[in-house]
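Structure, as structure tokens:
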Amino acid sequence: MDVLGYLHLVRRHWWIVLVTLMAALGTAAAVTVRTSPRYEASVTFFVTTPSQGVADAYQGGLFLQQRVKSYADLLTSDRLAQSVVADSPQGLTADQVQRRINTSFEAGTVLLKATFTDTDQTRALKTTEALSAKFVELVQKVETPPNGNSPPIKLEVVSGPRVTASPVTPQPVRNLVLGGLLGLLVGAGLAVLRGLADVRMRDAAALQRVTGSPLLGEIPFEAGAKASPLIVGDAANSPRAEAVRKLRTNLRFVDVHEPARVIAVTSALQGEGKTTMACNTAIALAEAGWRVLLIDADLRRPKVADYLGLDGGVGLTDVLVGDVQVGDVVQRWGDKSLLVLPSGATPPNPSELLGSKAMADLLVALRESADIVIIDTAPLLAVTDGVVVAVQADGALLVTQQGRTSRNQVAAAARALHSVSVRLLGCVLNMAKVAKADAYQYEAYKVVLPPAAPSVPTDRAGTARRGGRSGSDRTQELTRLSR
């Protein structure tokens with residue numbers, strides 16, 4: 001995965017970054033508040049030695065640079081700490097004084113700096129003053145020869161002792177900045193890991209790669225689609241309806257040399273919106289003037305009749321067992337050239353019934369009486385019914401809900417179709433998240449009908465009303481099939 005892919009994962013899981021950032025800032029703020037202010041007192045020593053001439057000065061400088069390293073260790077010695085506590089007791093033990101002393105020196109110089117840190121500003125200054133005085137005395141004693149001559153090294157205080165006016169710790173700005181940077185890095189890492197671990201189908205590009213088929217439609221998610229699933233009435237002017245119309249166009253021109261006239265609509269799992277997609281695709285094709293027949297071949301969980309407000313008690317099952325003729329149970333829907341064949345009664349053997357010769361003969365006859373036949377089938381991974389129907393169609397349309405189905409499940413569904421040489425016309429990403437810019441473009445360019453314009457009659461559920469089941473409502477093409 002390239003850098004853009006990782007950035008896409010971070011953007012998709014932005015809430016992880018935000019939560020981690022807020023947690024890091026909160027932790028940094030809590031640590032800052034709970035940390036006691038600490039002040040720092042410092043003093044700088046200059047180490048020198050009497051010398052004569054340039055050669056002596058050079059040799060003495062090298063000697064002193066080596067000596068400064070030893071003095072840095074001497075500043076943190078037990079002897080010095082005990083003498084400081086004895087001379088200036090500030091409520092600290094020798095061990096506490098020793099731990100709070102820090103030394104530093106620059107290579108090539110004879111300057112030695114000592115710092116003392118304490119929560120009390122006054123105590124830090126007084127302890128440092130005692131430290132500087134006792135250290136000079138200690139060096140004099142250590143460097144004085146046994147014969148009592150003058151020591152070869154002289155130590156002088158050249159800066160301090162002085163104490164900082166404000167605490168050196170905590171530093172709220174620094175802590176918050178570091179906490180924020182750490183939170184962003186950790187949050188971005190967690191977002192990337194979450195994205196890599198997420199196997200659900202998240203975008204159209206991944207759907208195309210997994211199925212190996214073209215993307216024919218990307219249907220946006222709409223909160224009101226559950227209450228009004230069909231693209232009629234007010235929903236006919238929604239972005240979802242426009243996306244279905246794009247699917248209609250792509251479906252008709254997916255292969256101009258071998259157009260599919262019998263199309264099986266299926267999905268990997270139940271609840272991905274395949275039935276709604278089949279109904280809306282049939283409605284969109286009928287709106288374009290095609291003679292469309294919609295068949296509910298999901299004999300286990302039929303929903304087409306419920307969505308369209310039709311009577312589904314008698315239908316495909318009854319035709320296949322020979323109880324009725326197809327022309328007697330086909331129903332016209334609305335005022336469009338759309339005919340519907342409901343599922344009928346639930347049979348005990350759906351797979352065998354759908355794979356029977358009666359089903360094959362029925363599809364051959366219906367192919368000649370309609371421009372396009374849309375078949376709603378069962379999910380591919382649940383039962384074999386969907387594959388059985390898809391084999392008899394000209395091709396299959398695979399519907400996948402964004403963020404619900406895993407890549408492995410979609411791949412298994414595509415393999416189930418390819419294994420029996422079913423022509424996979426393409427895939428549809430359902431309930432997709434659409435960028436606000438795209439939604440705005442449609443809203444700015446959609447057709448607004450006058451208030452008095454006639455609309456498709458709908459029932460209380462918002463679906464178009466069907467006509468009666470009298471002979472005048474059936475097409476002449478299907479009447480001959482009942483003879």
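Model, not experiment: these values are computed from the prediction.
Side-chain atoms of Q208 never come within 3.5 Å of backbone atoms of P214 as a donor-acceptor pair (strictly under, hydrogens ignored). The backbone N or O of A206 sits less than 3.5 Å from a side-chain atom of D203, completing a donor-acceptor pair. No donor-acceptor distance shorter than 3.5 angstrom exists from the side chain of T164 to the backbone of P167, with no hydrogens or angles considered. Put simply, the side chain of K274 gets close to the backbone of T377: a donor and an acceptor are under 3.5 Å apart. Although no hydrogens or angles enter the test, the distance criterion places a donor-acceptor pair under 3.5 Å between the side chain of T266 and the main chain of A378.
Annotation for V388 and S351: closest pair CG1-O, 4.0 Å, computed over non-hydrogen atoms. Here the closest non-hydrogen pair linking D371 and R261 is O-NE, 3.4 Å. Smallest separation of non-hydrogen atoms from F105 and L111: CB-O, 3.3 Å.
The only option from V373, V326, L339 that meets the side chain to side chain contact (heavy atoms under 4.5 Å, CB included) definition with I295 turns out to be V373.
We find that R100 and D118 are joined by a salt bridge, their nearest charged nitrogen and carboxylate oxygen being less than 4.0 Å apart. Between K303 and D298 there is no salt bridge, since no side-chain N of the basic residue sits under 4.0 Å from a carboxylate O of the acidic one.
For the residue pair R38/T35, the side-chain donor-acceptor check at 3.5 Å is not satisfied.
Residue pairs satisfying the salt bridge (Lys or Arg N to Asp or Glu O under 4.0 Å) criterion with at least one member in residues 206-229, sequence neighbours excluded, are listed as follows: E222-R240.
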Given W290 and R252, is the side-chain contact (heavy atoms from CB on, under 4.5 Å) satisfied, shown in steps?
CA-CA 11 Å; W290 300 92; R252 293 302 298 161; 3.2 Å; yes
